[in-house]
Amino acid sequence: MRHISRGLQAIHTQIRAAPRTMAVAVAAAMVPVFVPVPGPAPSAWAATAPSSSAQTRAADMVARMRPEEKLSVLRAFPAPLGGAMAGEGTGLLTWPGVPRLGLPALRMGSFSDPHPTDPTMPHLPFLALAASWDPVLAHRAGMVRARDEWGRGRAMVRVGGVDLLPSGRLQAGEDPMLAGTMAGMVASGLMVGHVVPVFASLRAEEQGRGDGVVALPATLPVPADQYMGTSLMGLSIALGTAHGGAIACGGMHVCGALSGLSGIMREQWHFGSMLMAMPGALSGADASPVAAVADGVDMEQSPGVEDGVYAAPLRRAVATGAVQPPRIDQMAQHVLTSLYGTGILDHPPPFTRDRKSPPGSGPMSVDGLMAEVGAEGMVLLQNENQVLPLDDRSGQVLLLATQALQGPLVALAAALQHDGVKVSQAVVNPDGTPPPQAAQAARIVMLTDRDADNAFITALADLGGHVVTIMMSDSPDRAMPWLDVVDSVIQAWSWHGEYAAPLAAMLTGTREFSGRLPMTFTGGLYPPGMAYADYNAFERAHIAPLFPFGYGLSVAGGVSYGDVHVSREDATHLSATFTVTDTSDHPIRAVAQLYLTPPVEAGGVKRLVGWRSIALTPGHATRVAIPVDPHLLGQWDTGAGGWVVPAGTYTFAVGASSVMLTHQASVRMPALHVSATLENLPVPTSQGE
């Protein structure tokens, strides 16, 4: 507990000293409703009905199909395609299409494996991307991913960040609005490149927290409406933002894990695209095509050409009348709606490697994307004694890392030297003692990716020099017993080689830190009895987290917030306005976060309801307006098939993180009933651009 209390003391000191040290520069985040970006503009949250043209084309095509052709489009299975390069089709599945009607065959990876086959493009770092709080960057990431996948013949890509079942802190963060927006924007970029985004249930090992606990339901199935305020809220935001795509289940449990899911998707969300099953998701003692159809599954990824529930078993079920032909028509239409909605059937990718880009894709490179994600997503957590930025006047910088991080060590040293900083480097043994040169170094930068390095970091700090710790893993549960004895702490996420140049630029002050935490950093300490270590769990337990959700510092300076005012735009919509002032002598970017605490009758749980990125000029105040949609005020009502907002007092607060909230205002709301979909949401802008 000693290191936790000292770390909290440091944060509380920063909060008390605001605005002098409460720096909040973050890259272009904005109110997550929809953003003006190239290609099909995403819009309403949960407005998941695909375009009428896609639905119409799908219905027309199904009407032309023969019965066996309708059944064939409900499956994808391992099958080599002519013209593929040697080994190119390994691990891929084929959707057979309908050659007679001009529907091309398509390939995809198995969604039971989150890592792409033949990964010329690195796995998209969703946590680093979410830490940017930048929906436009997420959209661009989707476009780059689409160009890469389409060029290698893949028609569908799994999108992380949202899930059917809750994981407490999602792969792209712990808040459904942030995670849903960022995942939805990645998906919208994929659709611009004619690749189908698939919002897929995560694997169990991706759900675990630092102590190995996997926060999932003990028994299944569970009612889907139980998660309408958490995981399914994030999924619906993602679907509405993307305006298309598909959903996959089966990463952790069979597709029937959520009872009533099909009804919510089809009847309340008006989701007209497909629900897929990963390989094995329809297996089990009670697996049957009748059960799978009842669960709403439209297409199965089968482990073999004639394996799977939707092969011979489904054909028999149709022949005996257990599954009626009109239901098969609906399933085939859902599949084709997903495909027509992204243009993949009009612009099918090649079966051989193609260096060309898909129609409508942009020129951004993979390396450029990864560098930008690293630049916008790195988070400065602590900077005592003004150790950063590094410069030549500070003396030589000593870079240290274990053998496992030698690659990043060499890359960062080269980038710093390129920026004019004198650097020496050494590979160290975390079980040993600091090298002799550590006692003479003016600044020591230690790269670390595991708790096993903690004793070594403490020993470094005990030498009396200035220590900068750079954490290079995605774990939000990293223990930091050295927090009160080191000067600076940077969260740099799992390393990619393209991160070296932007990290060096931030260390030397030529580029500002702009990331904010997309989840609570716990230090390995969880609220008693809490499975989910998100910001609401800490608030309910009245425990201050080590570093809160939304937190991040700027080297350049800080901001101050003016009083917040909440007004009624119409019968249901609200708007919060306030000012943000740059109190430093340097231009910075701030992310103003708006949180709502509803009355007990509406759940009483604080939630993020909007954010705005602002480019600030020193000494100037910028007026900010954040619209609030009524769906975020209420609770899901299963009987009504929509959201209910009880009458009561709703409190809004604005600030730099989930706990660093400086001003608040309350508004009295009447009882409201809100439909399951959002419509006519305002377009957010990034002020000061």
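FYI, side chains are in, hydrogens and waters are out, and symmetry mates aren't considered; it's all heavy atoms of this structure. No experiment lies behind these values; they were computed from the predicted model shown. Numbers here simply count residues along the sequence, with the first being 1.
- Here the side chain of R158 pairs no donor or acceptor atom with the backbone of P197 at under 3.5 angstrom.
- L381 and Y551 make their closest contact through O-OH, 3.3 Å (heavy atoms, listed as atom of the first residue, atom of the second, distance).
- Under the side chain to side chain contact (heavy atoms under 4.5 Å, CB included) criterion, A375 pairs with P502, R511, not counting sequence neighbours.
- The CD atom of Q491 lies 7.0 Å from the CG atom of D474; values are rounded to the nearest 0.5 Å.
- Distance alone, capped at 3.5 Å, is enough to place a donor-acceptor pair between the H663 side chain and the Y561 backbone.
- At least one side-chain heavy atom of S560 sits under 4.5 Å from a side-chain heavy atom of T583.
- Here the side chain of H139 pairs no donor or acceptor atom with the backbone of L137 at under 3.5 angstrom.
- Of all the heavy atoms in P598 and R607, the pair that sits closest is CG-NH2, 4.2 Å.
- Side-chain contact annotation: D534 with T520, donor-acceptor N/O pair under 3.5 Å absent.
- No side-chain heavy atom of L553 sits under 4.5 Å from any side-chain heavy atom of F513.
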Decide yes or no on side-chain contact (heavy atoms from CB on, under 4.5 Å) for D629 and H573, but give the supporting numbers first. CA-CA 6 Å; D629 192 271; H573 290 79; 3.3 Å; yes
Identify all side-chain donor-acceptor contacts of residues 664-671 below 3.5 Å with residues at least two apart in sequence or on another chain.
residue	atom	partner	partner atom	Å
S666	OG	T651	OG1	3.0

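- Counting only heavy atoms from C-beta outward, the side chains of I247 and M276 never approach each other to under 4.5 Å.
- The two residues V580 and A592 come nearest to each other via the heavy atoms CG2-CB, 4.3 Å.
- Remark: E539 engages K606 in a salt bridge, criterion side-chain N to carboxylate O under 4.0 Å.
- For the residue pair T522 / D477, a side-chain donor-acceptor distance below 3.5 Å is found, with atom types taken as modelled.
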Should W643 and W636 be marked as a side-chain contact (heavy atoms from CB on, under 4.5 Å) after you check the CA-CA gap, both sets of side-chain angles, and the distance that decides it? CA-CA 5 Å; W643 297 87; W636 178 257; 3.6 Å; yes
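- At a threshold of 4.5 Å between non-hydrogen side-chain atoms, the residues F578 and D563 do not count as touching.
- Between M182 and S132, the closest side-chain pair of non-hydrogen atoms falls below 4.5 Å.
- Under the 4.5 Å side-chain criterion, counting only non-hydrogen atoms from C-beta, L190 is in contact with V159.
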Carefully, step by step, assess I626 and V654 under the rule side-chain contact (heavy atoms from CB on, under 4.5 Å). CA-CA 10 Å; I626 298 180; V654 65; 5.7 Å; no
Y535 vs D175, side-chain contact (heavy atoms from CB on, under 4.5 Å): CA-CA, chis, key distance, verdict: CA-CA 9 Å; Y535 60 88; D175 182 85; 2.5 Å; yes
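- Side chains of M480 and M471 form a contact here, defined as non-hydrogen atoms less than 4.5 Å apart.
- Rounding to the nearest 0.5 Å gives a distance of 9.0 Å between CZ of F521 and CZ of F547.
- A side-chain donor-acceptor contact under 3.5 Å links S657 to the backbone of M660.
- The closest donor-acceptor contact from the side chain of E512 to the backbone of M506 lies at 3.5 Å or more, if one exists at all.
- Side-chain atoms of D582 and S584 include a donor-acceptor pair closer than 3.5 Å.
- The two residues T579 and A621 have their closest heavy-atom pair at CB-CB, 4.4 Å.
- With values rounded to the nearest 0.5 angstrom, W611 atom CH2 is found 7.0 Å from M177 atom CE.
- The closest side-chain donor-acceptor pair between S613 and R589 falls under 3.5 angstrom.
- For the pair L235/L164, a side-chain contact is recorded, criterion being any heavy-atom separation below 4.5 Å from C-beta on.
- Of all non-hydrogen atoms in G256 and P221, the two that sit nearest each other are O-CB, 3.2 Å.
- None of L239, L232, L275 except one satisfies the side chain to side chain contact (heavy atoms under 4.5 Å, CB included) rule with M265; the exception is L275.
- In this structure, SG on C249 lies 9.0 Å from CG on L258, to the nearest 0.5 angstrom.
- Here the straight-line distance linking atom CE of M228 with atom CH2 of W269 works out to 5.5 Å at 0.5 Å rounding.
- With values rounded to the nearest 0.5 angstrom, E601 atom CD is found 7.5 Å from Y650 atom OH.
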Check the pair D163 / S231 against side-chain hydrogen bond (donor to acceptor under 3.5 Å, both in side chains), numbers first and verdict last. CA-CA 6 Å; D163 195 6; S231 56; over 6 Å; no
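- Scanning all heavy atoms of the two residues, the minimum distance from S273 to T337 falls at OG-CG2, 3.9 Å.
- Applying the side chain to side chain contact (heavy atoms under 4.5 Å, CB included) test to E267 and every residue at least two apart in sequence or in another chain returns nothing.
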